[in-house]
Amino acid sequence: MNKAVLAIQQLVVIIVLAALSACTDNAVIDTSQEIGARNWGYDNKVNFQVKIEDASKPYNIYFNLRHTAEYRYSNIFVLVHQTGGRIKPVTERKEFQLAYPDGEWLGSGSGNLYSYQLKFRENYKFPEPGIYNFSFEQNMRDNPLREISDVGIRVEPGQ
């Protein structure tokens, strides 16, 4: 093989390896649960366990949501419950904007579904390593809240 072909092959291998390493996801967890019949009732808390091994790092925590184009509102209110470690149980009510005032969805669309990763904690420091439980509960007037397809959580290292 001549040197030029060998150099090109090595360059291609380096580019492919660099591209693959750039695609690695460093999330601690990024998962969702399907909402049955796309009807999220008050009694259907969606629960997730998050294992934190390094409490010295800050973390960004996101609420994952998917809804259909038939969702009736431009926002959603959610109760976020957190337990675990030595912290007292915490409940926060969060509002997330899902659309512009003109009705255009903010999420990324695929067919009839719109997906969001909505940050609700930035550079959050867990008090100690361990298992933390997060529960999401819809807090809108409608019960059940129609056209919600999936609810989830993403936790990733912060800055």
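A quick note: this is a predicted structure, and the numbers were derived from the prediction, not measured.
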S.K.: Using ring-ring contact (aromatic ring centres under 6.0 Å, His included) as the criterion, point out the one residue from Tyr124, Phe126, Phe48 that pairs with Tyr132.
M.R.: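 By the ring-ring contact (aromatic ring centres under 6.0 Å, His included) criterion, Tyr132 pairs with just one of Tyr124, Phe126, Phe48: Phe126.
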
S.K.: Centres of the His67 and Tyr116 rings: under 6.0 Å?
M.R.: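 Yes.
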
S.K.: Can you tell me how far apart CG (Leu145) and CZ (Arg38) are? Round to the nearest 0.5 Å.
M.R.: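 So the CG of Leu145 and the CZ of Arg38 are separated by 12.5 Å.
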
S.K.: So, taking the atom named CD in Glu95 and the one named CG in Asn139, what distance separates them when rounded to the nearest 0.5 Å?
M.R.: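 So the CD of Glu95 and the CG of Asn139 are separated by 11.0 Å.
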
S.K.: For the residue pair Leu106 and Tyr114, establish whether any side-chain heavy-atom pair is separated by less than 4.5 Å.
M.R.: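 No, side chains not in contact.
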
S.K.: Is the shortest heavy-atom distance from the side chain of Thr68 to the side chain of Leu113 under 4.5 Å?
M.R.: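 Yes; the side chains approach each other to less than 4.5 Å.
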
S.K.: Evaluate the side-chain proximity of Trp105 to Tyr71: yes if any heavy-atom separation is below 4.5 Å, no if none is.
M.R.: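 Yes - at least one pair of side-chain heavy atoms lies under 4.5 Å apart.
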
S.K.: Under 4.5 Å between any side-chain heavy atoms of Pro129 and Glu53, yes or no?
M.R.: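 Pro129 does not reach Glu53 side chain to side chain.
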
S.K.: What's the verdict on side-chain contact (heavy atoms from CB on, under 4.5 Å) for Gln33 and Val151, showing C-alpha distance, side-chain angles and the deciding distance?
M.R.: CA-CA 6 Å; Gln33 289 182 14; Val151 171; 5.9 Å; no

S.K.: Do you see a donor-acceptor pair shorter than 3.5 Å between the side chains of Asn64 and Arg154?
M.R.: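 No donor-acceptor contact under 3.5 Å links the two side chains.
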
S.K.: Consider ring-ring contact (aromatic ring centres under 6.0 Å, His included). Of Phe63, Phe96, Phe77, which one does Phe136 pass it with?
M.R.: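 Result for ring-ring contact (aromatic ring centres under 6.0 Å, His included) with Phe136: Phe63.
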
S.K.: Taking the side chain as everything from C-beta on, heavy atoms only, tell me whether His81 gets closer than 4.5 Å to Leu79.
M.R.: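 Touching, per the 4.5 Å side-chain cut-off.
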
S.K.: Holding to side-chain hydrogen bond (donor to acceptor under 3.5 Å, both in side chains), I want the full list of residues that pass it with Glu128, two or more places apart in sequence or in another chain.
M.R.: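 With sequence neighbours excluded, Glu128 shows a side-chain hydrogen bond (donor to acceptor under 3.5 Å, both in side chains) to Arg86, given in chain and number order.
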
S.K.: State plainly whether one hydrophobic cluster holds both Ile131 and Ile52, where clusters connect Ile, Leu, Val, Met, Phe, Trp and Tyr through side-chain heavy atoms under 4.5 angstrom apart.
M.R.: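 Per the 4.5 Å side-chain linkage, Ile131 and Ile52 are not co-clustered.
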
S.K.: Which value, rounded to the nearest 0.5 Å, describes the distance between Glu147 atom CD and Ile35 atom CD1?
M.R.: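 If we round to the nearest 0.5 Å, Glu147:CD and Ile35:CD1 are 12.5 Å apart.
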
S.K.: Would you confirm whether Gln138, through its side chain, and Asp142, through its main-chain N or O, come within 3.5 Å as a donor-acceptor pair?
M.R.: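 Yes.
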
S.K.: Can you tell me how far apart CG (Asn143) and CH2 (Trp40) are? Round to the nearest 0.5 Å.
M.R.: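 Going from CG on Asn143 over to CH2 on Trp40, the span is 11.5 Å.
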
S.K.: Just how far is it from atom CD of Glu137 to atom CG of Asn44, taken to the nearest 0.5 Å?
M.R.: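 One finds 9.5 Å between CD of Glu137 and CG of Asn44.
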
S.K.: Looking at Ala55 and Pro127, what are the two nearest heavy atoms and their distance?
M.R.: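 Shortest heavy-atom separation between Ala55 and Pro127 comes out as CB-C, 4.3 Å.
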
S.K.: In Å, rounded to the nearest 0.5 Å, how long is the span from CD of Glu104 to OG of Ser74?
M.R.: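 Rounded to the nearest 0.5 Å, the CD-OG separation comes out at 13.0 Å.
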
S.K.: So if I apply the side chain to side chain contact (heavy atoms under 4.5 Å, CB included) rule between Met140 and each of Asn75, Ile148, Val78, which one comes out positive?
M.R.: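 Single side chain to side chain contact (heavy atoms under 4.5 Å, CB included) partner of Met140 among Asn75, Ile148, Val78: Asn75.
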
S.K.: What closest approach, in Å, do Gly158 and Asn123 show between heavy atoms, and which atom pair accounts for it?
M.R.: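 Reported closest heavy-atom pair: CA-OD1, 3.5 Å.
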
S.K.: Taking the side chain as C-beta and beyond, is there a heavy-atom pair between Leu98 and Leu65 under 4.5 Å?
M.R.: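 Answer yes - side chains close enough.
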
S.K.: Is a donor from one side chain sitting under 3.5 angstrom from an acceptor on the other, for Asn112 and Glu70?
M.R.: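 Side chains of Asn112 and Glu70: pair found under 3.5 Å.
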
S.K.: Can a donor-acceptor pair be found, under 3.5 Å and without considering hydrogens, that links the side chain of Lys94 to the backbone of Val80?
M.R.: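 Not confirmed, Lys94 side chain does not pair with Val80 backbone.
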
S.K.: For the residue pair Phe120 and Tyr62, is the inter-centroid distance of their aromatic rings smaller than 6.0 Å?
M.R.: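 They do not qualify: ring centres at least 6.0 Å apart.
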
S.K.: Do other residues, nucleotides or ligands put more than 12 heavy atoms under 6.0 Å from Lys125 NZ?
M.R.: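 It does: Lys125 NZ has more than 12 such atoms within range.
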
S.K.: Side chains of Arg121 and Asn60: is there a donor and an acceptor less than 3.5 Å apart?
M.R.: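 Not at all, the side chains of Arg121 and Asn60 share no donor-acceptor pair under 3.5 Å.
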
S.K.: Measuring only between side-chain heavy atoms, which start at C-beta, is Gln49 closer than 4.5 Å to Phe134?
M.R.: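 Answer no - side chains too far apart.
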
